[in-house]
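Single-structure report; data block below.
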Amino acid sequence: MRMARPLHALPKAHLHLHFTGSMRHSTLIELAREQGLHLPDALEQDWPPKLRATDERGWFRFQRLYDIARSVLTKPEHVYRLVRETAEDEAAAGSGWLEIQVDPSGYAQRFGGLTATLELMLDAVEQAARHAGVGIATIVAANRTRHPLDANTLARLATQYTHKGVVGFGLSNDERRGQAREFERAFRIAKRGGLLAVPHGGELMGPRSVAQCVDDLGADRLGHGVRAAEDEWLMQRLAERQICCEVCPTSNVGLGVAESSELVPVRRLFEAGVPIALGADDPLLFGTRLLGQYELAREVYGFGDEEVAELARQSVRSSAAPESVRKELLKGVDDWLAASPE
Ligand SMILES: [Zn+2]
C-alpha cells in the first residue's frame, strides 16, 4: 500500500462555511429536544438529507431545512456553543484559519436587531478562536432573495466592524434570483470599507453568473464558482487574476449541482491554474466537514501529497489571514511535505 501523510495534520484555511450550517448534527438534535421542537425525518433518522436544488422546489426544501435548524438557536448561549464547537472541529481538521459566513438578518429579531446580533456573533467568534487556538474571521453575507437595499444596510454595518474581525462581504442564497448587478452598490460600499468581495456564483448557474460576480461585484473570490470550469476563457481569466473558487464538493453533490463527486471539476480548475480553497459549506446538511473535502481530493480526484499541499497553500493565500498567520501556515505545509509519510 502507498504511504500517505495524514490530512488532518496538513495546515489549511477554510474559507467557505456558513454559521448555521456549521452546527454539529448532534447539537441540533440536542437543542431541538431541549426545546421540545420536532425535527423532520430529513434532519433526524434520514440525515443527511438527499436534496435536489437544481429546481426551485428542491432549493426551497433546502432553505426550509436550514430555517428549521436556525430555529433551535434561541439563546445567546446557543450561539456561543455553536461557534465553540465549530472552532474545535476546525482545529481537529488542521484548519488554522477559518472565515465563517453570517447573515445576521436571519437572527436579528431574536437577538435584538442587526447590530446586536452581529456583535453577539463576533463576540462568540472571538471567544471560540481563543478557546480552540484557530484564527477565525467573519464574512457578513447578504441574501440574494431580499431587496438590494437590505444588502446596502448590511454592507455598511459590516464595514463598521473591520476592527472586530469582519474581513469580507458575501452574497448567498438562490443564484437564480436577483441579478448580481443589483447588488453592485452593496459591494462597492463593502470594498470601499476594506472588505473582500466574496459572492456566491457559478453554483446553480453557469459561467455567465461567475463573470457577472467578477465584473459587476469585483469578486476577489467566488463562493463555489465550480461552473466556471465550463468555460475555458473564463478559467483563464480567474487564473490570471488569481480569483479563488471556494469549491465545496460534498455540497455540490448534496444539492445535485453535480451528479456524483467524480463530476465536480476540481481537477479541471486546478489544472487550469484557478486557485482553489476547498470548503464544507453546510456540514449540518451535507454530512461532511472540511477534512472530508481533502479526502475527496486525494481519493476521488487523485491528488498526490504535493498537490494536496498545493491546495492547502492556495486556501491560505486566498484568505484574509494576516501575514504572520499566512507565513506560519505556509511553513506548516512545507513541514508536512518534508516529513516522511506514515
Ligand atoms: Zn455557501
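Ligands are counted one by one from 1 in listed order, and the atoms in each one are counted from 1 as well.
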Give a yes-or-no answer on whether the side chains of E99 and W97 include a donor-acceptor pair shorter than 3.5 Å.
yes

Quiz question: by atom type and distance under 3.5 Å, do the side chains of H147 and E182 form a donor-acceptor pair?
no

For E175 and G202, work out which heavy atoms get closest and say how close.
OE2-N, 2.6 Å

Side chains of T288 and Q293: any donor to acceptor distance under 3.5 Å?
no

How wide is the angle at the Zn ion (ligand 1) between NE2 in H18 and OD1 in D281, to the nearest 10°?
90°

Is the distance from the Zn ion (ligand 1) to some N, O or S atom of H224 under 2.8 Å?
no

Kindly confirm whether the Zn ion (ligand 1) is within less than 2.8 Å of some N/O/S atom in H200?
yes

